[in-house]
Amino acid sequence: MPELPEVETVRRGLSPVMEGRVIEHAAINRPNLRFAFPDRFRERLEGQTVTALDRRAKYLLAHLSGGETLLMHLGMSGRFTIVDEAGESGANTPGAYSHPAGDQSKHDHVIFRMSGGVFLIFNDARRFGFMTLFASAGGDEATPFLSGLGPEPLGNAFSPAHLDCALAGKRTPIKSALLDQRVVAGLGNIYVCEALWRAGISPKRLARTIPGTRSARLVPVIRDVLNEAITAGGTTLRDFKATDGALGYFQHSFAVYGRESEPCRKPECGGTVSRLVQAGRSTFFCAACQR
DNA sequence: ACCACTACCTGAAGGC
DNA sequence: TGCCTTCAGGTAGTGG
């Protein structure tokens, strides 16, 4: 599910039911997701007010009044659902908040009850997601999950000059380099494929051949594709939903992703989309117009 | 230091 | 119907 546009869609959905509210109860239904939850996780969350909900790359960051920040990653299958009304089964009773509606849904691993009676349900079938806490005062350096990240692709620090520098000398294919969160933070498999198609750059080209005119082409199309996807509410491939259940619709705008053996959408190109595997991930591209 | 590859986990989809 | 294989939006860790 979640690359930057999907995470941003989730952030926008959660923001009104998290910011300024207190985490009254936190149900942690298993000891770990991808990693173990931190010590005393529930106790450190309960009673805290969420002062702001931010996104950094594909991470959601809930800043807490007590000086810690809750870091959340959706992995491949993580999703948040907002449930407004508590079920009839005494959700106000301490200990009875495991699931608001009682319809035990598999893989509902973490449930927050916020002040105002709203439940936030984190469901993650594959458990590649994770949550942890770190000291807010330390900033990005306070957690290894953030400390090595490259710039936000929609921010000012992401520029052709930055890309030139980050890609210089790299012998890995540009496709893999753009998936490296140290180069630029937030791209995933879909948007890298789409951006390379827009820039007319072959995914097989070595990263070190990009600096210069190709970087200058790449930076604006990366911004464009992410902005368009955010506007579309992200991409729904099989199960991504916003917190209110809305489906993303950027998948209808794909030029190459998932379109193997279909015609290239570039006018006059006449090529066919092909698929290859790079670093264990599918790459979709048009060999005719991507050089 | 770089880079490629595997592991982590479940579920959906396709072939037989 | 059911069993088997393959594939999936990510990233930490390992080993060459």
Inset, instruction - In whole angstrom, give me the gap between the P atoms of dT14(C) and dC9(B). - result: 15 Å
Does [N] have OP1 or OP2 under 4.0 Å away from a side-chain N or O of [X]?
| X | N | answer |
| --- | --- | --- |
| Q181(A) | dT11(C) | yes |
| K106(A) | dT10(B) | no |
| H107(A) | dT10(B) | no |
| K58(A) | dG10(C) | yes |

Could I get a table of every N or O pair under 3.5 Å where one atom is in the protein and the other is in nucleotides 1-5 of chain B?
| unit_1 | atom_1 | unit_2 | atom_2 | d |
| --- | --- | --- | --- | --- |
| dC3(B) | OP1 | R171(A) | N | 2.4 |
| dC3(B) | OP2 | K170(A) | NZ | 3.3 |
| dA4(B) | OP2 | T172(A) | OG1 | 2.9 |

Inset, instruction - Let me have DNA chain C in dot-bracket notation, would you? Count Watson-Crick plus G-U wobble pairs, both distances under 3.5 Å, and use [ ] for pairs crossing earlier ones and | for inter-strand partners. - result: .|||||||.|||||||
Regarding [X] and [Y], is there a side-chain donor-to-acceptor distance under 3.5 Å anywhere?
| X | Y | result |
| --- | --- | --- |
| T69(A) | H63(A) | yes |
| N123(A) | K106(A) | no |
| S65(A) | T51(A) | no |
| S202(A) | R291(A) | no |
| S147(A) | D140(A) | no |

Inset, instruction - Determine, step by step, whether Y191(A) and E6(A) satisfy the side chain to side chain donor-acceptor pair (under 3.5 Å) criterion, reporting the C-alpha distance in whole Å, the side-chain angles of both residues, the deciding distance to 0.1 Å, and the verdict. - result: CA-CA 11 Å; Y191(A) 299 109; E6(A) 291 73 38; 2.6 Å; yes
How long is the line joining [atom1] of [X] and [atom2] of [N], in whole Å?
| X | N | atom1 | atom2 | answer |
| --- | --- | --- | --- | --- |
| L179(A) | dA8(C) | CG | P | 13 Å |
| L33(A) | dA12(C) | CG | P | 15 Å |
| D124(A) | dG9(C) | CG | P | 15 Å |
| L149(A) | dT11(C) | CG | C1' | 11 Å |
| L146(A) | dT11(C) | CG | P | 12 Å |
| K175(A) | dG10(C) | NZ | C1' | 12 Å |
| M76(A) | dC7(C) | CE | C1' | 9 Å |
| R56(A) | dT11(C) | CZ | P | 12 Å |

Legend entry - Any donor-acceptor N/O pair, S115(A) side chain to V22(A) backbone, under 3.5 Å: yes
Legend entry - Residue whose closest nucleotide on DNA chain C lies nearer the 5' end, F130(A) versus L237(A):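 It is L237(A) whose nearest nucleotide is closer to the 5' end.
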Inset, instruction - Step through it carefully: locate the ring centre of F122(A), locate the ring centre of H109(A), and say whether they are under 6.0 Å apart. - result: no
Legend entry - Counterpart residues, salt bridge (Lys or Arg N to Asp or Glu O under 4.0 Å), relative to R30(A) (two or more places apart): none
Inset, instruction - May I ask you to say what F35(A) touches in the nucleic acid, namely base, sugar-phosphate or nothing, with a heavy-atom cut-off under 4.0 Å? - result: sugar-phosphate
Inset, instruction - For Y257(A), answer base if it contacts any base atom (sugar-phosphate contacts may also be present), sugar-phosphate if it contacts only those atoms, and nothing otherwise; contact means non-hydrogen atoms under 4.0 Å. - result: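 Counting heavy atoms under 4.0 Å across all strands, the contact made by Y257(A) is with sugar-phosphate only.
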Inset, instruction - Taking side-chain hydrogen bond (donor to acceptor under 3.5 Å, both in side chains) as the test, write out the residues that go with D224(A), two or more places apart. - result: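 D224(A): no side-chain hydrogen bond (donor to acceptor under 3.5 Å, both in side chains) contacts found.
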Inset, instruction - List for me each residue that meets side-chain hydrogen bond (donor to acceptor under 3.5 Å, both in side chains) alongside S176(A), sequence neighbours excluded, and say none if there are none. - result: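 Result, side-chain hydrogen bond (donor to acceptor under 3.5 Å, both in side chains) vs S176(A): none returned.
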Legend entry - Residues, nucleotides or ligands: over 12 heavy atoms within 6.0 Å of N156(A) CG: no
Could you go over nucleotides 7-9 of chain B and give all protein N or O partners under 3.5 Å, atom names and distances?
| unit_1 | atom_1 | unit_2 | atom_2 | d |
| --- | --- | --- | --- | --- |
| dC9(B) | O3' | R127(A) | NH2 | 3.4 |
| dC9(B) | O2 | R126(A) | NE | 2.9 |
| dC9(B) | N3 | R126(A) | NH2 | 3.3 |

